Amino acid sequence: MARKKRRSRQFKKTSRVIDMDEARMQRQERRQAAQQEEEREKTASDERRIRRKRALRKKRSRRRLLIAVIVIVLLVLLGASIANIVMLKQEQKEAQEKQDQLKAQQEQLKEDLKDVNDEENIEDQAREKLKLVKPGETIYIPDED
């Protein structure tokens, strides 16, 4: 029986009159507050998601820009290298032509060197360049008029 008394005392302490309409309104207010809180959390998470997406897009665009700059620099360097190679090939061709001309000139000079000791050549050179004559010959110089 002691238990019954305790229960009844607790009941008396905690008992109160409940108005059903008021309880419904309180429940609806709590539900609405919970829904609003969910919406706030949802919009906050959406905003975070949107910020993350924007940050990711920004990061991707920076990465693409960096890659584009690197590609352009590489293409410019490649173009400069190709231009340098073309110039060097042309210089090589010109040097080869000059070498061929010098070899031809060297051959001509070798032939002239062989003819230097020839008596006819020596006589021609003495007559033309040094204006020498053989004994008994006379030189006639015409007037320039």
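This is a predicted model, so every value here is computed, not measured.
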**Prompt:** Just how far is it from atom CD of Gln99 to atom CD of Gln106, taken to the nearest 0.5 Å?
**Reply:** 10.0 Å
**Item:** The single option from Ile67, Val73, Leu66 passing side chain to side chain contact (heavy atoms under 4.5 Å, CB included) against Ile70
**Value:** Leu66
Using residues 27-44 as the side-chain source, report each donor-acceptor pair under 3.5 Å to any protein atom, sequence neighbours left out, with the distance given to one decimal.
from	atom 1	to	atom 2	distance (Å)
Arg30	NE	Gln26	O	3.4
Glu37	OE1	Arg40	NH1	3.1
Thr43	OG1	Glu39	O	3.0
Thr43	OG1	Arg40	O	2.8

**Complete:** dist Lys58:NZ -> Arg63:CZ (nearest 0.5 Å) comes out at 14.5 Å
**Request:** Using a strict cut-off of less than 4.0 Å between a Lys/Arg side-chain nitrogen and an Asp/Glu carboxylate oxygen, indicate whether Arg127 and Asp124 qualify as a salt bridge.
**Result:** no
**Prompt:** How about Glu137: does its CD atom have over 12 heavy atoms from other parts shown lying under 6.0 Å from it?
**Reply:** yes
**Audit row: Leu88, Gln92, side chain to side chain contact (heavy atoms under 4.5 Å, CB included) steps and yes/no** = CA-CA 6 Å; Leu88 289 174; Gln92 182 182 17; over 6 Å; no
**Salt bridge Glu47-Arg51, side-chain N to carboxylate O under 4.0 Å** = yes
**Asked** Got a sec: does the CD of Gln105 have more than 12 other heavy atoms crowding it under 6.0 Å?
**Response** no
**Message:** salt bridge (charged side-chain N to carboxylate O under 4.0 Å, His left out), that's the test. Do Glu107 and Lys103 meet it? Break it down for me.
**Reply:** CA-CA 6 Å; Glu107 291 295 324; Lys103 281 187 179 182; over 6 Å; no
**Fill in**
Between the CD1 atom in Ile50 and the OG atom in Ser45, the distance rounded to the nearest 0.5 Å is 9.5 Å
**Asked** Should Leu77 and Val69 be regarded as members of a common hydrophobic cluster, given that ILVMFWY residues are connected when their side-chain heavy atoms come within less than 4.5 Å of each other, either directly or indirectly?
**Response** yes
**Fill in**
To the nearest 0.5 Å, atom CG of Leu56 lies from atom CZ of Arg52 at 11.0 Å
**Prompt:** For the atom pair NZ (Lys89) and CG (Asn84), what is the distance rounded to the nearest 0.5 Å?
**Reply:** 12.0 Å
**Asked** CG of Leu109 to NZ of Lys114: how many Å apart, nearest 0.5 Å?
**Response** 12.5 Å
**Message:** Do Glu120 and Glu123 make a side-chain contact, defined as non-hydrogen atoms from C-beta onward lying under 4.5 Å apart?
**Reply:** no
